[in-house]
Q: 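Sharing a structure, written as structure tokens. Questions coming.
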Amino acid sequence: MAGEASTAAKDAVQDGPKLPQKRYFRQRAHVNIFNDMPLEYPVRPSEEDWSKLYPAYFRPIEDADEAQQSGTADDAKRPMSPSGTTEQIPLAKRGPGASSIGELNPDQLAKVEFADIGCGYGGLLVALSPLYPSTLMVGMEIRSKVVDYLQRRVVALRGFQSDLLKRKEAGEPVEWVDIRSKLKQEIDDLSKPLDPNTEELHDNGETERLVPGHYENIAAMRINCQKYLPNFFTKGQLSKIFVLFADPHFKRRKHKARIISATMLAEYAYVMRTGGIFYMITDVKDLFDWNVKHLDAFPLFERIPEEELENDPAVPCVINSTEEGKKVARNKGNKYLACYRRIDDPADQN
Amino acid sequence: MPRHPVTLVESSAQGAVAFISEATITVTDALTGKLLATTQEAQASSAGVQHIPSVPSASTIRAAAFSPTGRYLAVCTNDKALVVYDTATWTVQRQLVSDKRTNALAFDPQETHVLAGDKFGDCTRISICSDEDPSSEVILGHVSILCALAFTPTTPPLLLSCDRDEKLRISHYPNAYNIQAFGLGHTEFVTSVAALKCAPQVCLTGSGDGTMRLWNTEDGTLLQTVDLAALLQGYYRDGRVKCAEANSFEDRNAKDERYGVLRVSAAEGLRAYIAVVERFPVVLVLPIMEDGGSCSGKRGLGQPLVVDVERPPTDVAPTAAGFIVAYAAGPRLADAYVGDAQGGFVRDAEASEGIAQSVRTRESAEEVIVPSIFVWGNKMYIERPAGENNGGGDDEE
């Protein structure tokens with residue numbers, strides 16, 4: 001995984017960044033999650049080396065101890081936020097034993113907060129990245145070729161940003177994208193099809209203008225979420241989980257394989273903090289009804305009324321930014337959205 | 001003629017011990033080995049003890065559990081039958097057929113429900129009283145074979161469940177949708193879990209990764225790791241355990257030195273966990289460390305004691321002052337051990353003889369092979385020869 005990513009990075013240096021072409025990374029949609037696969041996963045969350053995914057935010061685990069001792073912060077590698085943005089890139093980086101880092105509050109340490117479960121080709125991540133430029137988000141996907149595509153895509157997008165930053169430093173006129181006004185426009189009228197520019201941004205990411213966060217905050221990993229979620233995330237670590245256009249697994253005997261099942265919800269709730277939001281959208285009405293049935297019945301989630309969602313900047317991305325979402329829109333299909341808030345256990349209040 | 005081994009031993013708080021071989025259940029007194037009840041009708045009538053109604057279609061029993069006070073015994077079979085007996089009368093209290101094959105059983109602390117963990121990873125909560133509430137509900141699910149279930153002796157209790165994917169899950173109960181913590185640290189399937197009343201906030205797990213691990217059940221932190229290789233490697237070195245022969249365990253990779261915990265059990269009377277390891281003719285006694293005469297203070301395991309027993313065991317169950325161990329191969333099916341004055345354990349000849357008299361399993365023309373836990377426990381891609389791997393199961397079905 002890391003080897004491929006670094007090869008792509010080398011290519012980017014030699015010929016300039018290149019976006020991967022989706023058609024070479026197609027893979028059939030179904031995977032049996034119960035199969036044993038030689039997946040890589042950490043024994044526990046503290047052993048995951050996030051520096052491979054977010055090199056701007058984390059030191060490699062083997063370097064971390066040394067750096068902690070010498071007390072030098074590698075600021076140069078950190079992405080720059082555009083002026084006028086109040087959000088700051090987290091100051092700290094971590095390795096194992098992060099809790100022992102001098103004065104730092106563990107809450108200030110960089111950690112993944114959003115997870116897109118079954119992220120596919122990464123449309124949502126690329127769209128969300130500039131909206132939450134200092135929030136780390138990870139796309140989790142079980143299909144190896146798709147993960148490979150998304151990793152290359154992220155490396156390429158970061159490469160474009162890094163080139164743009166260099167050009168800007170050299171005095172060339174390089175523009176920043178005005179993400180927020182674009183987004184506001186989308187929120188104002190969700191029913192209108194996306195204008196071509198927005199679609200371009202969502203589909204391929206921005207290659208000609210600077211974006212907040214410079215795509216340093218998104219990454220993809222190959223993981224069987226249904227088996228190994230707690231190996232990657234600690235209790236209450238995530239503030240948003242996205243389940244977008246999931247495999248419907250129509251057959252009844254395959255229902256346990258669905259991303260949302262009565263028993264899986266407990267694990268999603270475990271990795272989510274109270275107040276966190278679970279986004280679910282699908283174009284399959286049967287699956288939607290199934291999901292809603294289980295989510296409604298699940299005591300640690302509470303459905304968010306639609307009017308409350310209007311101000312949520314993530315919602316337009318959830319609806320419009322994924323490949324599946326666009327396909328459904330082009331085919332004039334319906335999309336069914338439901339969002340749930342993680343609440344405290346009602347049983348504890350009795 | 002060789003006999004079928006006793007594959008499960010369960011002891012109750014009332015001092016009864018159930019020995020299970022295939023579809024037969026034999027219950028004896030823990031101290032004397034005297035027969036109390038049996039599924040074998042002829043034996044029951046000749047000995048003048050209660051006859052236990054047999055499990056449906058005489059299918060092999062996979063798991064068994066006594067309720068906390070010993071009032072009930074639950075067993076489940078290979079053909080998905082689940083039977084709850086009332087141990088006072090040895091009548092059937094509840095009988096049903098489960099959706100999936102049950103792998104693990106545990107009663108809740110109130111003794112109102114029995115929990116059944118299945119090969120699909122789900123844990124179903126079943127009322128013991130069939131007329132009151134016949135419904136059963138799935139209260140939690142792993143995405144892997146569920147190997148064992150237990151409760152912490154805390155108030156409120158926490159439900160401990162462990163699976164083939166290296167995980168210990170610690171859930172609230174009965175609101176098991178609320179996960180308290182995961183115990184993460186094992187690198188292979190977790191076969192067994194136990195908690196002691198004198199150390200209510202910790203539990204011990206056993207695994208195929210060659211370790212037993214002690215966990216804080218409040219937050220899932222790993223407190224201590226017992227390295228079985230360090231304790232037991234001598235048995236490979238001096239030939240008491242042979243890699244190749246594997247002592248009647250059917251095991252493809254038996255050439256490797258490996259250590260798989262078959263069972264961890266809470267021996268309240270010993271203030272210790274007891275454990276057996278596949279292929280090793282030993283019972284491990286792991287005392288919980290005491291601090292100022294009480295267990296409430298500093299938690300941790302003391303120096304483990306390795307008790308040599310006659311043959312490699314299939315299972316172990318605690319008694320008031322020792323344990324009963326069942327063997328994978330004869331000549332005897334099981335032995336009772338008691339603590340001695342030196343702090344060790346010796347075979348209790350009288351009780352062992354009593355057990356030998358009481359427990360009769362079916363004769364077999366050949367030595368019966370007990371399948372290794374590594375056969376189902378290991379991931380297919382490890383066990384499969386190189387080249388057979390399809391690159392990660394991406395293209396299923």
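Proteins come first, then strands; the chains are lettered A, B, ... in the order of their sequence lines, and each starts at number 1.
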Q: Regarding Lys293(A) and Asp289(A), does a basic nitrogen lie under 4.0 Å from an acidic carboxylate oxygen?
A: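 No.
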
Q: Do any N or O atoms from the side chain of Thr282(A) and from the backbone of Phe288(A) form a donor-acceptor pair under 3.5 angstrom?
A: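 Such a contact is absent between Thr282(A) side chain and Phe288(A) backbone.
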
Q: Chain B contacts: which residues in residues 113-120 of chain A have a non-hydrogen atom closer than 4.5 Å to it?
A: none

Q: So which pairs with a foot in residues 149-160 of chain B pass salt bridge (charged side-chain N to carboxylate O under 4.0 Å, His left out), sequence neighbours left out?
A: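 Applying salt bridge (charged side-chain N to carboxylate O under 4.0 Å, His left out) to every pair that reaches into residues 149-160 of chain B, excluding sequence neighbours, yields nothing.
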
Q: Between Arg44(A) and Ser46(A), do the side chains contain a donor N or O and an acceptor N or O under 3.5 Å apart?
A: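 Per modelled atom types, Ser46(A) and Arg44(A) side chains form no pair under 3.5 Å.
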
Q: In the structure I gave you, are the side-chain heavy atoms of Met280(A) and Val292(A) within less than 4.5 Å of one another anywhere?
A: yes

Q: Which pair of non-hydrogen atoms, one from Ile259(A) and one from Met264(A), has the smallest distance, and what is that distance?
A: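 Looking at all heavy atoms of both residues, the closest pair is O-CB, 3.7 Å.
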
Q: Does Ser144(B) reach the main-chain N or O of Asp165(B) with its side chain, forming a donor-acceptor pair under 3.5 Å?
A: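 Yes; at least one donor-acceptor contact below 3.5 Å.
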
Q: For Tyr149(A) and Glu141(A), which I'm curious about, is there any donor-acceptor pair between the side chains at under 3.5 Å?
A: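 Judged by distance alone, the side chains do not pair up.
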
Q: Do other residues, nucleotides or ligands put more than 12 heavy atoms under 6.0 Å from Asp296(A) CG?
A: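 More than 12 heavy atoms, drawn from other residues, nucleotides or ligands, come within 6.0 Å of this atom.
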
Q: Quick one: are Leu146(B) and Asn103(B) in side-chain contact, heavy atoms under 4.5 Å?
A: no

Q: side-chain contact (heavy atoms from CB on, under 4.5 Å) between Leu160(B) and Trp215(B): does it pass, once the steps are laid out?
A: CA-CA 11 Å; Leu160(B) 309 169; Trp215(B) 309 89; over 6 Å; no

Q: Which of residues 171-184 of chain B have a heavy atom under 4.5 Å from any heavy atom of chain A?
A: His172(B), Asn175(B), Tyr177(B), Asn178(B), Ile179(B), Gln180(B), Ala181(B), Phe182(B), Leu184(B)

Q: Would you say the side-chain atoms of Thr225(B) pair up with the backbone N or O of Arg213(B), donor to acceptor, closer than 3.5 Å?
A: no

Q: With only heavy atoms counted, which part of Leu222(B) is less than 4.5 Å from chain A, the side chain, the backbone, both or neither?
A: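 Side chain only.
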
Q: Non-hydrogen contacts under 4.5 angstrom with chain B: give the residues of residues 265-277 of chain A involved, or none if there are none.
A: Ala266(A), Glu267(A), Tyr270(A)

Q: Taking the six-membered ring for Trp, are Phe278(A) and Phe301(A) parallel (under 30°), tilted (30 to 60°) or perpendicular (over 60°)?
A: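 Ring orientation of Phe278(A) relative to Phe301(A): tilted.
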
